[in-house]
Every structure is written in structure tokens, then in C-alpha cells.
Amino acid sequence: MELDRDQKLAGHEYWLNADTLSYFPAPSHPVHYDKLVTEPPFPIEIDLDALAGF
């Protein structure tokens, strides 16, 4: 997580390449704003706007 230029929380999603054991940005949505939602096998939903309020 980091603050972007507009001071909004941005969540970066990376996937693990099992062959090289290295991480790469998620191909369809590498950066999440407002809400971080991932797909199975590890579905997650995090409200980034609410998290930034802490």
C-alpha cells in the first residue's frame, strides 16, 4: 500500500510465478484504488478508503 499523487491509498497486486519464484504485477488490475478485490484462490475485498481513515 502507498499514497498516490492525490494522497489516495493505492494497493498493488502481485502474482507469484511458480517457475521462477518471482513476483510480477497482476495482468488485469495491478493497482487498486477505493477497494482492493482479488480473485480466487485467495479472494479478498478491502475498502481502501475506510482503511485510509485510520
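Numbering of residues begins at 1 and proceeds along the displayed sequence. What's counted below: heavy atoms across the whole structure, side chains too, no hydrogens, waters or symmetry copies.
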Exercise. Could you list the residues that satisfy side-chain hydrogen bond (donor to acceptor under 3.5 Å, both in side chains) with Ser28, not counting sequence neighbours?
Key: none
Quiz prompt | Test item: Leu36 and Leu48 side chains (from C-beta on) under 4.5 Å apart, heavy atoms | solution = yes
Exercise. Taking the side chain as every heavy atom from C-beta outward, state whether Leu51 and Leu9 have any atom pair closer than 4.5 Å.
Key: yes
Self-check item: Counterpart residues, salt bridge (charged side-chain N to carboxylate O under 4.0 Å, His left out), relative to Lys35 (two or more places apart)
Solution: Glu45
Quiz item: Of all residues at least two apart in sequence or in a different chain, which pass the salt bridge (charged side-chain N to carboxylate O under 4.0 Å, His left out) check with Asp47?
Solution: none
[X]: what forms a side chain to side chain contact (heavy atoms under 4.5 Å, CB included) with it, not counting sequence neighbours?
| X | answer |
| --- | --- |
| Pro27 | Trp15, Phe24 |
| Leu21 | none |
| Asp4 | Asp6, Lys8, Tyr33 |

Quiz item: Tyr14: which other cluster members, linking ILVMFWY side chains closer than 4.5 Å, directly or transitively?
Solution: Leu16, Tyr23
Quiz prompt | Residues forming a ring-ring contact (aromatic ring centres under 6.0 Å, His included) with His29, sequence neighbours excluded | solution = His32
Practice problem: Name all pairs fulfilling the salt bridge (Lys or Arg N to Asp or Glu O under 4.0 Å) condition that reach into residues 18-27, sequence neighbours left out, sorted by first residue then second. | Solution: none
